[in-house]
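Working notes for the structure below.
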2 protein chains.
Amino acid sequence: MFKYDYPHPAVTTDCVIFGYDTREGLSVLLIERGIEPFRGCWAFPGGFMRIDEDADTGALRELKEETGFEPLYIEQFGAFTDVDRDPRERVITIAYLALVKKGPVAGGDDASKARWFPLNAVPALAFDHDRILRVAISRLREQIHFRPIGFDLLPPVFTMPQLQSLYESILGTHFDRRNFAAKMLHLGLLEADKERSENTPRRVPTTYRFNKDRYEEMKSGGFRIEF
Amino acid sequence: MFKYDYPHPAVTTDCVIFGYDTREGLSVLLIERGIEPFRGCWAFPGGFMRIDEDADTGALRELKEETGFEPLYIEQFGAFTDVDRDPRERVITIAYLALVKKGPVAGGDDASKARWFPLNAVPALAFDHDRILRVAISRLREQIHFRPIGFDLLPPVFTMPQLQSLYESILGTHFDRRNFAAKMLHLGLLEADKERSENTPRRVPTTYRFNKDRYEEMKSGGFRIEF
DNA sequence: TTCATATTGTGTGAATTTTACGCAAAGATA
DNA sequence: TATCTTTGCGTAAAATTCACACAATATGAA
């Protein structure tokens, strides 16, 4: 039993985990809650922050425990603190945005009910997670202009059409194929690859790799990807 | 006495309050701590979040109580959760960025020791507030591209040189006078004012007002101020 | 093998925006 | 009235964005 002179809220972390594939576009990973409150509802993986770990560590721990994924990018994007957002007691949550390489859920102990949902087919969510998701998406859209985080969602070797549909999926817009390729190549972050991509219906597109060293160089002088 | 099965951290809010005037440029409002820990150190106004209010409400309350200012803009920009950031007990803080019309500190009860510091003359700060300040400044620089929040820092009627030095002060850069004016006017957010500005050494610059209605119109179609 | 089809790679000119900078007008001071 | 400083306006060159055409490559059917 832990005692305080003043009431303290409980603190949780929640992870909005995005993944991507060409078939379903941008998707988010949800877990079906096995316990009350909101039993049977879908929610973000997350849990109580331990008293001896910071929120970043806690979010990462919960993410791995509940989904088995190793995030390629993770970033705190806000605290959600509405007084009655949790029916049990006063709980505030610190929300994280994570990108992972999409795949079948490897499954830790709790992961039996984890599933990917394409962004346009997300069910009603527990707590205030609907609002958290909206904020996460708008944050992802902002971030993609400043960091090449999109590349974390693709395999290490990818084609220009793949890269374009990823960007279109995240930003919800359509780009001219030729202008998109020109801009991307002009950034100097891509290098053409020898290998050929597999499983393409028509002409085989050239494959590229993301040059992370080049990106690190560019960051020092400030940096922005325009679209 | 409040008892929990699991340990709960304390939760505070802290406000990084920015003000501006031509003489000192961008400044931040700090309070000298009267109690331990960090007694005598300068820190952001803030305090414990109440169990029956959300963080936004708490931040606003503390801001008003401790400084007497009414923020023209306020925005949460992050939670800081390092395990040992407070020597007393586990305390996490939710940090807010606020803009106020700079003036003498009106002073609530605690405000006796509040003072404005120009950004290039900020003393060492209590807790992890140095880091919080750095994050706040970079957030302010980002935000100024998407919202005309700079106008909240100026008097309702202002001149183009005033507006320019505000932007230069926030972004830490220098713009060509003529190009800056052209871009600003081109946005359509300014309307020329009849009145003349006072106290100018040479030629009297024309004065402008910020057209908030026009801004609200523009927001719907997405919006970005480029520099 | 050949042809029609689908998809990718590259280029180019027009329109727009950014950038650098010249010059005259307006007020203050001598 | 002359001089100095600051503001307002304009313009040409450079860079970027945007719309679009055409050739090249692979597949599958004839």
For this session: Would you check if the distance from the ring center of B/Phe175 to the ring center of B/Tyr167 is below 6.0 Å?
Result: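 No, too far apart.
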For this session: Would you mind telling me which of B/Thr207, B/Asp193, B/Leu166, B/Leu190 makes a side chain to side chain contact (heavy atoms under 4.5 Å, CB included) with B/Phe158?
Result: B/Leu190
Could you state the atom-to-atom distance from [atom1] of [X] to [atom2] of [N] in whole Å?
{"X": "A/Leu187", "N": "D/dT16", "atom1": "CG", "atom2": "P", "result": "12 Å"}
{"X": "B/Gln164", "N": "D/dT7", "atom1": "CD", "atom2": "C1'", "result": "11 Å"}
{"X": "A/Leu185", "N": "C/dT8", "atom1": "CG", "atom2": "C1'", "result": "12 Å"}
{"X": "A/Met184", "N": "C/dG9", "atom1": "CE", "atom2": "P", "result": "14 Å"}
{"X": "B/His174", "N": "C/dT19", "atom1": "NE2", "atom2": "C1'", "result": "13 Å"}
{"X": "A/Gln162", "N": "C/dG9", "atom1": "CD", "atom2": "P", "result": "11 Å"}
{"X": "B/His186", "N": "D/dC9", "atom1": "NE2", "atom2": "P", "result": "16 Å"}
{"X": "A/Met160", "N": "C/dT10", "atom1": "CE", "atom2": "C1'", "result": "12 Å"}

Exercise. For B/Leu153 and B/Leu26, what are the C-alpha separation, side-chain angles and deciding distance, and is it a side-chain contact (heavy atoms from CB on, under 4.5 Å)?
Worked result: CA-CA 9 Å; B/Leu153 290 168; B/Leu26 195 61; 4.2 Å; yes
For this session: Would you mind building the protein contact string for nucleotides 18-24 of chain D? One character per nucleotide, 5' to 3', B for base within reach (heavy atoms under 4.0 Å), S for sugar-phosphate only, - for untouched.
Result: BBBB--B
For this session: Report yes if at least one side-chain N or O of B/Thr206 is closer than 4.0 Å to OP1 or OP2 of D/dG8; otherwise report no.
Result: yes
Exercise. For A/Glu75 and A/Arg139, what are the C-alpha separation, side-chain angles and deciding distance, and is it a salt bridge (charged side-chain N to carboxylate O under 4.0 Å, His left out)?
Worked result: CA-CA 10 Å; A/Glu75 174 206 4; A/Arg139 178 61 156 250; 2.9 Å; yes
For this session: Report yes or no: does A/Ser165 contribute a side-chain atom to a donor-acceptor pair with the main-chain N or O of A/Gln162 at less than 3.5 Å?
Result: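 Looks like yes, one N/O pair under 3.5 Å.
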Exercise. Only one of B/Tyr20, B/Phe18, B/Phe69 forms a ring-ring contact (aromatic ring centres under 6.0 Å, His included) with B/Trp116, so which one is it?
Worked result: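 The residue from B/Tyr20, B/Phe18, B/Phe69 that satisfies ring-ring contact (aromatic ring centres under 6.0 Å, His included) with B/Trp116 turns out to be B/Phe69.
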